[in-house]
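Data block below; observations after.
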Amino acid sequence: MQKNVSGETPQSVIRNFCIIAHIDHGKSTVADRILQLSGVVASRDMKNQYLDKMDIERERGITIKAQAVRVPWTVDGVEYTLGMIDTPGHVDFSYEVSRSLAACEGAVLLVDATQGIEAQTLSNLYMALDHDLTIIPVLNKIDLPSADPDTYGKEIADLLGIDESDVLRVSGKTGEGIADLLDTIVRLVPPPHGDETAPARALIFDSEYDAYRGIITYIRMVDGVINSRERIRQMGLGTSHDPIEIGVISPSMIPTDRLTAGEVGYVITGVKDVNQSKVGDTITTQNQGAETPLPGYKEPQPMVYSGLFPIDTTEFPNLRDALDKLKLNDASLIYTPETSTALGFGFRCGFLGLLHMQIILERLKREFQLDLISTAPNVHYRVITEDRQEHIVTNPSEYPEGRLLAVYEPMAAVDIILPKDFIGDTMTLCQEHRGQMITMEYISANRVDLHYRIPLGEIVFDFFDQLKSRTKGYATLDYHEDGEQESDLVKVDILIQGEQVDAFSAIVHKDKAYAYGVMMTKKLRTLIPRQQFEIPLQAAIGAKIIARETISALRKDVLAKCYGGDITRKRKLLEKQKEGKKRMKLLGRVQVPQEAFIAALSTGDVNDKDTKDKIRSAEHKARFS
Amino acid sequence: MTVDHSFRPTGSTFSREDPLTLQHAYGNYVAHRINPLTPLELYIHVPFCLRRCGYCDFNTYTATDLGHGASRSQFAHMIEQEIHLLDDWQEQHGIPRRPISTIFFGGGTPTLLPAEDLVHILTCIRRTWGILPHAEITTEANPDTVNERSIETLANGGFTRISFGMQSAVPRILNILDRTHDQQNVIRGVRAAQENGLRTSIDLIYGTPTETMEEWKQSLTAAVDLHTTHISCYALTVAPHTKMGRIIRDHRIPPVNDDDEAEKYEFADQFLTNHQFTWYEISNWSIHGEESQHNLGYWKNVDWFGLGPGAHAHLTTTHIHDELHPRIWADKLNAHLLPWVEPEYLTAEENLEETILLGIRLREGLPLSQIIPSLTSTQTNHLTHEIHQLEHDQLLTLTHQHLIPTLKGRLLNDLIINRLLESITPQNNHTT
């Protein structure tokens with residue numbers, strides 16, 4: 001029987017595919033079963049989610065970095081080489097997803113048979129269709145008692161316009177149906193059709209930093225051949241390197257002499273900076289290289305910004321080192337030093353989305369033991385000042401003063417899939433966040449796909465949490481950039497004892513400024529402990545005060561009795577207070593606990609009567625002044 | 001701040017499981033540092049109560065017999081044993097015997113013991129260590145547990161002072177506090193004490209949830225009308241794990257309010273001042289010359305022994321206390337061991353903290369001479385600067401080199417302590 005040799009496999013027996021699925025729909029488990037069944041990972045070495053390397057990935061059950069594994073599979077006596085490309089499941093990484101899709105000819109659309117289609121599945125599916133991939137629909141978790149493959153199979157069939165019998169049924173857990181799935185991939189996914197004799201062109205679909213080997217660049221050969229002793233060039237960046245090693249992954253790294261058209265593999269050049277290996281770029285040979293790069297390369301753009309500040313100001317250099325290290329593995333992380341009058345030295349960071357931000361924060365905390373304050377996330381605004389200058393504002397404290405000709409905010413196209421019972425609540429939520437409904441489609445008798453256009457700034461704040469709570473966790477959300485719109489936005493400042501606290505400033509729609517001001521001042525009133533003097537808390541637009549709360553002066557803190565054993569207790573209490581004070585930020589003369597900064601991250605519920613009354617009266621006053 | 005790097009025994013070397021080793025190490029440590037000129041006071045803790053008050057967080061028990069000799073009837077005998085063991089310990093380690101300067105029986109309810117038992121303990125103390133002439137000897141008393149006869153016995157036995165736990169003159173408030181006594185008993189008790197030539201003191205509690213200012217005034221008036229010479233007013237403090245803590249948590253009564261207590265404190269200070277009382281410590285007012293000498297000793301950081309379950313002792317820069325539970329306490333005594341729990345050896349820094357936190361409670365003030373010698377010149381500069389700030393904030397005055405809290409500063413005493421301590425913490429000296 002023929003055996004495929006890595007680096008020399010004919011395109012006719014190659015099948016490159018990826019798996020697209022919503023978080024928790026079992027993509028990694030299915031991938032694990034494929035590795036096991038094909039024999040590249042022995043059963044005894046199998047650990048769950050073999051491909052997800054990072055701890056956080058395994059804990060959260062999500063895949064952050066795409067990986068590519070070469071697995072053999074024999075059908076009718078012919079050995080085929082399957083290139084399985086693991087894609088990140090989350091919307092924040094949609095550019096990475098699109099590059100992974102560009103490296104494949106087919107996509108397995110994996111849907112949980114207990115849950116049905118979710119928002120992310122849809123958006124990734126549309127992306128796969130855009131790339132003309134062959135879609136193989138699969139229902140997973142059919143072993144579960146709550147699985148309803150008939151209902152959800154119909155949902156998928158209707159969506160794709162196919163027959164229900166074409167939807168495969170598998171269980172990643174028991175392995176049932178996996179062999180059939182592999183057979184189907186071989187049968188339906190077209191082989192690559194690159195030009196084997198043309199100058200080499202390879203698409204970079206992922207790269208990662210390895211502490212020992214430097215950057216590992218994952219590529220899909222499209223045309224021609226790359227030899228391990230041949231100097232290569234990145235067309236977008238214009239840089240050249242001698243490869244130290246090229247090879248394939250099956251499932252560990254296996255060096256090869258060359259990679260030929262259609263194959264999936266890796267390149268190591270000894271470069272240490274992930275920015276030197278940009279996802280989407282094209283690799284060719286230095287000599288007689290290609291002239292036209294592969295299409296679709298773009299720099300990942302941050303969508304969400306937040307200021308990160310160490311609570312202990314002496315930790316600033318450690319924060320910088322930590323970000324530098326994370327950046328090695330994550331080119332999409334962007335940061336520049338920032339000085340806040342309230343929080344001291346820190347960094348303004350740009351993230352691909354909220355999840356990306358949370359992952360970075362989590363890693364800074366966990367892997368680098370940093371105690372951080374992160375300011376409320378915001379988006380970027382395009383502001384035209386009176387002198388017709390354009391400013392891109394990524395930090396509320398840099399919002400231009402004075403009269404503005406126009407302000408543009410980024411918009412998002414939002415897909416929300418939810419049970420129909422929650423349509424009313426969800427539409428209200430979208431309206432509260434200045435959303436505009438585009439379409440509403442029933443994807444089955446009970447489930448609806450709502451399509452909205454919502455300002456991105458409204459989504460990054462606490463939209464997702466509210467959506468989850470109003471739909472009891474049933475709704476799923478997906479969004480992507482959708483241009484910009486001119487909006488009536490203002491900057492609301494928060495003043496503590498008359499001093500503006502830059503970390504609390506927010507850019508909000510004019511209609512929501514009062515609500516923001518009232519809620520922030522109220523919240524701070526409960527979070528800042530009373531001190532020996534009265535502390536006025538104000539919210540202001542420019543010089544105009546729109547909300548006000550007062551923390552009255554502390555009058556008594558003394559311990560009434562101090563005899564015998566009280567003395568030791570008292571001393572220990574004072575020592576504890578001293579420790580607690582270290583975790584406070586001093587703004588002017590006011591001690592502000594960290595919780596105050598964290599609380600600014602969410603607006604919470606505005607349904608209590610006092611808040612509503614105060615917002616109403618603030619708006620009323622504004623109207624008549 | 002200079003730190004005492006001299007040898008200190010630590011918990012790891014002398015564990016609780018080896019009480020004799022602990023006792024010896026502690027004895028050696030104390031012997032090398034004791035100043036025989038420092039007054040030595042004595043506190044005796046009687047851990048029995050008829051019933052437990054809702055707010056009570058003290059080491060008290062309502063059972064009459066906790067076994068192993070930890071009973072009301074055996075209590076005086078057990079204290080006598082503790083006195084002998086303590087005396088032996090002193091002698092073994094060459095710690096000079098000092099006559100006792102003041103004695104205080106607290107609780108619990110010391111007057112649950114027969115007056116003869118309290119007198120017996122006193123006699124035992126006198127025989128063992130001696131008591132200074134004119135020493136103040138006080139017992140706390142629950143108004144329901146004394147009568148004319150028992151008070152006469154105490155007076156004849158050498159007691160000089162009784163402190164009555166009156167708490168409030170308003171039955172509604174006493175009820176919330178879980179107190180059972182009748183104001184008539186207070187009047188009778190105080191009169192009997194006065195007739196027997198005993199000084200008296202009245203304890204009051206203010207800030208009980210729902211207490212009105214008028215009710216607080218009633219209690220103050222009733223106390224002053226007793227012609228007592230000493231009044232202590234304590235803000236009600238509710239620990240979460242007490243019965244009252246649970247009642248508040250369940251929203252059955254409102255929580256204690258700091259602002260309300262501050263107002264009642266200011267009212268009390270004004271009221272008592274109008275009635276010839278002067279404050280001498282944050283929670284204590286007296287007619288001139290009638291200050292409690294025993295209590296002043298605590299705040300001036302003198303030495304004291306503690307006898308009875310959970311009683312604390314301070315000797316030089318160490319703290320030690322007796323086993324909390326009466327039965328464990330009695331077990332150790334029966335085994336001829338001092339019923340101690342591992343001592344705490346204070347660093348110079350901790351000792352300075354205590355000097356400050358105690359002294360700043362007093363009207364006579366915290367003498368700068370007790371702080372400055374242990375500071376560097378930079379620390380002294382910072383301290384001086386902070387003192388000016390505190391004066392400016394009207395929290396204290398600097399009079400004859402003593403720091404004296406103002407009325408505002410008495411209520412915000414923690415703030416003063418924190419600011420003084422912060423001004424002399426070492427890391428502060430780098431920044432400015």
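Letters go in sequence order (proteins before strands), and every chain restarts at 1.
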Looking at [X], I'd like to know if its [atom1] atom is crowded, meaning that more than 12 non-hydrogen atoms belonging to other residues, nucleotides or ligands lie closer than 6.0 Å.
| X | atom1 | result |
| --- | --- | --- |
| B:Y234 | OH | yes |
| A:F345 | CZ | no |
| B:H241 | NE2 | yes |
| B:Q394 | CD | no |
| A:K468 | NZ | yes |
| A:E499 | CD | no |

Point to revise | Heavy-atom pair count under 4.5 Å with chain A, highest-scoring of B:I356, B:L236, B:L358 | key: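 Highest number of pairs under 4.5 Å: B:L358.
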
Check your understanding: Between B:E350 and A:K572, is a salt bridge (Lys or Arg N to Asp or Glu O under 4.0 Å) present by the stated rule, with each step listed?
Key -> CA-CA 10 Å; B:E350 287 166 337; A:K572 293 192 169 154; over 6 Å; no

Review point. Could you state the interatomic distance from CG (B:L415) to CG (A:D557), rounded to the nearest 0.5 Å?
Key: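 The CG atom of A:D557 is 6.0 Å from CG of B:L415, to the nearest 0.5 Å.
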
Check your understanding: CG/B:L411 to CD/A:Q532 distance, rounded to the nearest 0.5 angstrom?
Key ->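 B:L411 CG to A:Q532 CD: 13.0 Å, rounded to 0.5 Å.
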
Review point. Does the pair A:K570 and B:D414 meet the rule for a salt bridge (Lys or Arg N to Asp or Glu O under 4.0 Å), with working shown?
Key: CA-CA 10 Å; A:K570 169 96 181 172; B:D414 274 9; 2.3 Å; yes

**Study point:** Non-hydrogen atoms of A:A560 and B:S283 that approach each other most closely
**Key:**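 Of all heavy-atom pairs spanning A:A560 and B:S283, the closest is O-OG, 2.7 Å.
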
Check your understanding: How far apart are the closest heavy atoms of B:R361 and A:V558, and which atoms are they?
Key ->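 Heavy atoms of B:R361 and A:V558 come nearest at NH1-CG2, 4.0 Å.
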
Which bit of [X] comes within less than 4.5 Å of chain A, counting heavy atoms only: side chain, backbone, both or neither?
| X | answer |
| --- | --- |
| B:F104 | neither |
| B:H319 | side chain |
| B:I416 | neither |
| B:H314 | side chain |
| B:L357 | side chain |

Point to revise | Worked check of side-chain contact (heavy atoms from CB on, under 4.5 Å) between B:N418 and A:K578 | key: CA-CA 8 Å; B:N418 280 319; A:K578 213 155 81 182; 5.7 Å; no

Practice item. Would you please test B:D259 and A:R530 for side-chain contact (heavy atoms from CB on, under 4.5 Å) and show each step? Key: CA-CA 11 Å; B:D259 287 354; A:R530 294 170 74 186; 2.7 Å; yes

Practice item. Check step by step if salt bridge (Lys or Arg N to Asp or Glu O under 4.0 Å) holds for B:E261 and A:R555. Key: CA-CA 9 Å; B:E261 289 189 339; A:R555 291 182 58 188; over 6 Å; no

Check your understanding: What do the steps show when you test A:K556 against B:E263 for side-chain contact (heavy atoms from CB on, under 4.5 Å), and what is the final call?
Key -> CA-CA 9 Å; A:K556 169 185 170 283; B:E263 242 154 72; over 6 Å; no

Point to revise | Ion pair check, A:R571 and B:E344, cut-off under 4.0 Å | key: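 Looking at A:R571 and B:E344, the cut-off is met.
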
Practice item. Could you tell me whether B:D203 and A:K561 have a side-chain N and a carboxylate O separated by less than 4.0 Å? Key: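 A:K561 and B:D203: not salt-bridged.
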
Review point. What part of A:Q531 is in contact with chain B, defined as an atom under 4.5 angstrom from a non-hydrogen atom: side chain, backbone, both or neither?
Key: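 For A:Q531, there is no contact with chain B at all, as no heavy atom is under 4.5 Å.
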
Practice item. Mind telling me whether A:Y563 and B:Y298 have parallel, tilted or perpendicular rings, with 30° and 60° as the class edges? Key: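 B:Y298 and A:Y563: perpendicular rings.
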
Exercise for review: Just give me the residue among A:L554, A:T568, A:L574, A:L559 that pairs up with chain B most often, heavy atom to heavy atom, under 4.5 Å.
Suggested key: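 Highest number of pairs under 4.5 Å: A:T568.
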
Review point. What do the steps show when you test B:H312 against A:I567 for side-chain contact (heavy atoms from CB on, under 4.5 Å), and what is the final call?
Key: CA-CA 10 Å; B:H312 282 251; A:I567 299 167; over 6 Å; no

